[in-house]
Amino acid sequence: MAARSARKATTKRKTSSRKATTRSKPTSTRTKPAKKPNAAPAVPSIPPGQRVWLLELPWGGLDGGTPAGVTYYKSLTAHAYVDTALPSALEAYASKPYSYLRWLEDELNGSEGPGATAAPMSLRPEQLADVDAIVAAAEQQFRQVHLANDVGTGKTLVAVAAAKAIAKLRGAHTVLVTVDRPARITIPSWRRTIAALGDDGLRWIIMSSDSLGKLMARNGRPRLKVDVAVIDEAHQFRHASKRTSYMRRLTRMDGPHEKAPFVLTITATPGHHPGEWGYLSSLYAQVHGDPPARWADFGRALAERGVPLETSYGKWTWTAEAKESLRTQQAAIGDVRDMLLRHDPPLMLTRSAPWGPPPFDVDLVELTPDQWRAYELEWGDFQREMQLARTGNNVARGLAALVRLRQKASMIRVEHTVAAAKAELERGYQVLIATEMVSTAAHPVAEMLEADGIPVARIYGSNPQAESERMRFQRGEAPVVVFNTPTAINLQAREQFADGSFATGTPRRGFFHQARYSGLLAEQTMGRAHRNHQVCAWSLLAAAGTIEERAGTVMLSRLIASATSTDADASTFAEVARVFGIDWIPAVRVADELG
């Protein structure tokens with residue numbers, strides 16, 4: 001009993017002790033969360049007497065990290081530096097004149113930075129006549145003109161001069177220029193031309209068509225009001241896509257004619273058929289006195305008027321009957337073309353090159369028995385024999401199988417193309433070799449030439465040194481260029497550079513190592529060197545009896561259709577067309593008919 005009482009007393013003392021200990025602890029207070037720092041400003045703050053420079057720093061930054069004083073602004077997707085002067089170490093990264101980044105910079109500063117400089121250039125009489133024709137249409141309140149002169153006739157000079165004249169006519173200030181890839185070459189080219197003719201104090205914005213989304217606000221509306229738009233290589237916008245949608249909104253194509261900016265579309269290759277000329281829909285609506293919405297679905301509007309078009313997989317194409325007859329296609333193209341070409345004033349300009357179309361022929365290569373065996377190998381076996389890297393599933397059907405047949409044929413023929421190029425080098429030419437694919441065409445051709453000690457300029461893939469490679473060829477440091485960029489680069493003899501110097505006067509000679517299924521891209525490719533009074537003959541190389549010969553037939557048919565679109569001289573394709581058995585109309589051109 002006494003023991004039980006002692007245990008109770010001990011337990012009571014322990015319990016009392018724990019309670020006392022608990023009571024003796026200080027009352028805990030909840031720690032207040034630290035205040036979040038203020039969000040980074042959306043745009044840089046510019047103290048009085050200073051200005052902001054937006055910088056094009058390389059992807060991944062500079063060695064040593066971000067330079068002192070430079071801050072990245074997410075809303076601008078650009079780095080910025082604020083001070084009274086830009087340090088010399090950052091000058092190489094400053095925004096370029098007439099770029100989107102410069103436009104943003106000018107908006108932030110409230111004043112415009114300096115323009116570009118270049119050796120002066122002047123227009124030839126026929127180019128001045130084209131400028132007058134474009135301005136005449138603008139004076140009569142037409143919203144658009146299409147400039148479809150032959151490749152290499154100086155459409156860029158005409159466009160800049162016309163844009164300046166129309167801006168003055170309308171009291172306009174902002175001129176948007178959209179260009180094709182590669183932007184590292186096309187944007188500087190346009191910048192040089194604007195500087196050479198003078199920018200007239202206008203706000204020029206040169207943008208790659210792939211970057212037009214930067215000009216759109218979150219609500220889908222344009223960030224700026226465009227007064228004059230120059231749409232270069234307009235065939236980029238022949239299909240429904242994001243960039244086409246952006247272009248239509250920036251140029252207000254679906255808006256009333258009287259409120260639209262003036263638009264000058266440019267391409268010598270409008271499309272494979274009129275259904276692809278949708279970037280001209282508002283102009284056709286204006287010609288017919290209709291609201292733009294009635295022609296927004298351009299293919300449907302043409303089909304309703306009897307043009308032999310139908311939809312296939314969401315795109316307009318020739319009807320089955322028209323596909324079987326190049327004559328039918330040419331007649332339909334001519335009817336649609338002439339609505340603009342024969343209009344008074346003319347709303348489509350189609351000047352042929354005074355130096356004539358590019359000489360063109362086909363060289364069909366007979367494969368040896370061993371080469372035929374390689375051509376007929378399964379793709380996996382072919383990869384092993386040719387020591388190609390194995391990628392993906394080696395079982396190919398349908399379109400993939402056709403692509404692999406083209407890859408096999410073009411790789412088997414590399415030695416023949418290299419031999420043809422070396423023969424032309426010995427005759428005193430600089431040689432252009434056009435490819436479409438890289439690993440089975442461009443790479444092996446370039447590597448075999450270099451293995452023979454011949455320097456090669458490479459303009460294919462995602463080469464960041466495309467412009468320096470182009471200049472190697474143009475200055476004669478590399479006598480051969482292998483490229484797959486079909487538009488917007490200049491590889492002609494005697495090209496004038498921004499500093500007033502010139503490319504070599506060595507005549508050019510071109511080879512298609514691979515046929516292009518697109519007649520547009522084939523014609524544009526030939527125009528890289530056959531331009532500005534410099535003649536460059538071209539040959540299509542293909543393996544006889546293979547898919548390449550079939551591809552050549554398609555390419556030639558589409559070259560003829562493309563020439564018909566712009567009333568161009570297609571006589572250079574006549575002999576080759578007979579070789580391939582292509583039925584076509586050597587029609588009297590409108591220009592000849594009009595004297």
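One-based numbering along the sequence shown.
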Shortest non-hydrogen contact from [X] toward [Y]:
| X | Y | value |
| --- | --- | --- |
| P274 | W318 | CD-CH2, 3.7 Å |
| T178 | L212 | CG2-CD2, 3.8 Å |
| I547 | Y375 | N-OH, 3.2 Å |
| P479 | I454 | CG-CG2, 4.0 Å |
| D567 | S352 | O-OG, 4.5 Å |
| A148 | M348 | CB-CG, 4.4 Å |

Should we say atom NZ of K323 is surrounded by more than 12 heavy atoms from elsewhere, each under 6.0 Å from it?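 Buried by this count: over 12 neighbours within 6.0 Å.
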
With a sphere of 6.0 Å drawn around CD of E450, does it hold more than 12 non-hydrogen atoms of other residues, nucleotides or ligands?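 More than 12 heavy atoms, drawn from other residues, nucleotides or ligands, come within 6.0 Å of this atom.
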
Plane angle bin for F360 and F512 - parallel if under 30°, tilted between 30 and 60°, otherwise perpendicular: perpendicular

For W295 and Y284, take the angle between the two ring planes, folded into 0 to 90°, and tell me which bin it lands in: parallel under 30, tilted 30 to 60, perpendicular over 60. parallel

Nearest-0.5 Å distance, OG1 of residue T265 to CG of residue L283: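 If I round to the nearest 0.5 Å, the distance is 7.5 Å.
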
Pairs meeting criterion salt bridge (charged side-chain N to carboxylate O under 4.0 Å, His left out) with involvement of residues 543-552, two or more places apart: R413-E548

I need the full list of salt bridge (charged side-chain N to carboxylate O under 4.0 Å, His left out) pairs touching residues 469-485, with sequence neighbours left out, sorted by first then second residue. E467-R470, E469-R472, R470-E495

From R238, H235, E523, Q236, residue fulfilling side chain to side chain donor-acceptor pair (under 3.5 Å) relative to T267: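 Option passing the side chain to side chain donor-acceptor pair (under 3.5 Å) with T267: H235.
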
Sub-4.5 Å side-chain heavy-atom contact between E436 and Y517: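 Contact flag for E436/Y517 side chains = no.
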
Does the side chain of R248 reach to within under 4.5 Å of the side chain of S281, using non-hydrogen atoms?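 R248 vs S281: side chains touch.
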
